[in-house]
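The structure under discussion appears below in the form of structure tokens.
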Amino acid sequence: MAHLAVLSLSILGFRLLAITTSQGAFRYRRELFWLGWFLLLVALAVALGFWSLGLGLTLWLGYLSTGAGVVFLVRALGLPDAR
């Protein structure tokens, strides 16, 4: 269950970052930008809470890469997102 939590928090964080930084939207959605970063830090806290420092950090970095890849593929393929 912790794996799913870290992965979903990473995907949500990167989705918010992608939405707020595209096409100059940062100045209008500053709170969502910081919420995206906060979700990535929460994912780190969850990973470190369930596993030791070494394993938690390694899994968090792996799920960060997976989350960024999923968000990139959704946007690159032109699938509908929350814009």
Side-chain angles (χ1 to χ4, degrees):
M1 197 57 143
H3 293 280
L4 183 60
V6 174
L7 179 62
S8 58
L9 286 170
S10 298
I11 290 173
L12 287 174
F14 277 119
R15 291 261 329 232
L16 286 175
L17 289 175
I19 290 168
T20 57
T21 57
S22 65
Q23 301 170 357
F26 173 68
R27 63 187 147 180
Y28 301 114
R29 300 177 183 168
R30 189 175 305 257
E31 294 83 17
L32 292 178
F33 175 81
W34 291 113
L35 180 61
W37 280 109
F38 178 72
L39 288 176
L40 295 179
L41 288 176
V42 169
L44 174 62
V46 169
L48 293 178
F50 277 97
W51 301 292
S52 64
L53 177 65
L55 182 60
L57 190 60
T58 303
L59 287 172
W60 178 68
L61 289 172
Y63 284 127
L64 279 183
S65 301
T66 304
V70 166
V71 171
F72 175 77
L73 285 177
V74 166
R75 293 179 68 88
L77 294 175
L79 300 175
D81 60 359
R83 277 190 287 163

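These values consider heavy atoms only, across backbone and side chains, with no hydrogens, waters or symmetry-generated copies.
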Check your understanding: How long is the gap from CZ on Phe14 to CH2 on Trp37, to the nearest 0.5 Å?
Key -> 6.5 Å
Point to revise | OH-CG distance between Tyr63 and Leu44, expressed to the nearest 0.5 angstrom | key: 14.5 Å
**Study point:** Heavy-atom closest contact (Gly67 atom, Leu7 atom, distance)
**Key:** N-CD1, 4.4 Å
**Study point:** Shared hydrophobic cluster for Leu77 and Val74 (ILVMFWY, side-chain gaps under 4.5 Å)
**Key:** yes
Point to revise | Partners meeting side-chain contact (heavy atoms from CB on, under 4.5 Å) with Leu32 (sequence neighbours left out) | key: Leu16, Thr20, Arg29, Leu35
Check your understanding: How close do Val71 and Arg15 get, heavy atom to heavy atom, and via which atoms?
Key -> CG2-CG, 3.7 Å
Mind listing the side-chain donor-acceptor pairs of residues 48-61 below 3.5 Å, one per line with the distance, residues two or more places apart or on another chain?
residue : atom : partner : partner atom : Å
Thr58   : OG1  : Gly54   : O            : 2.7
Trp60   : NE1  : Leu40   : O            : 3.3

Review point. In the single-linkage hydrophobic clustering (I, L, V, M, F, W, Y; side-chain heavy atoms under 4.5 Å), do Phe72 and Val70 co-cluster?
Key: no
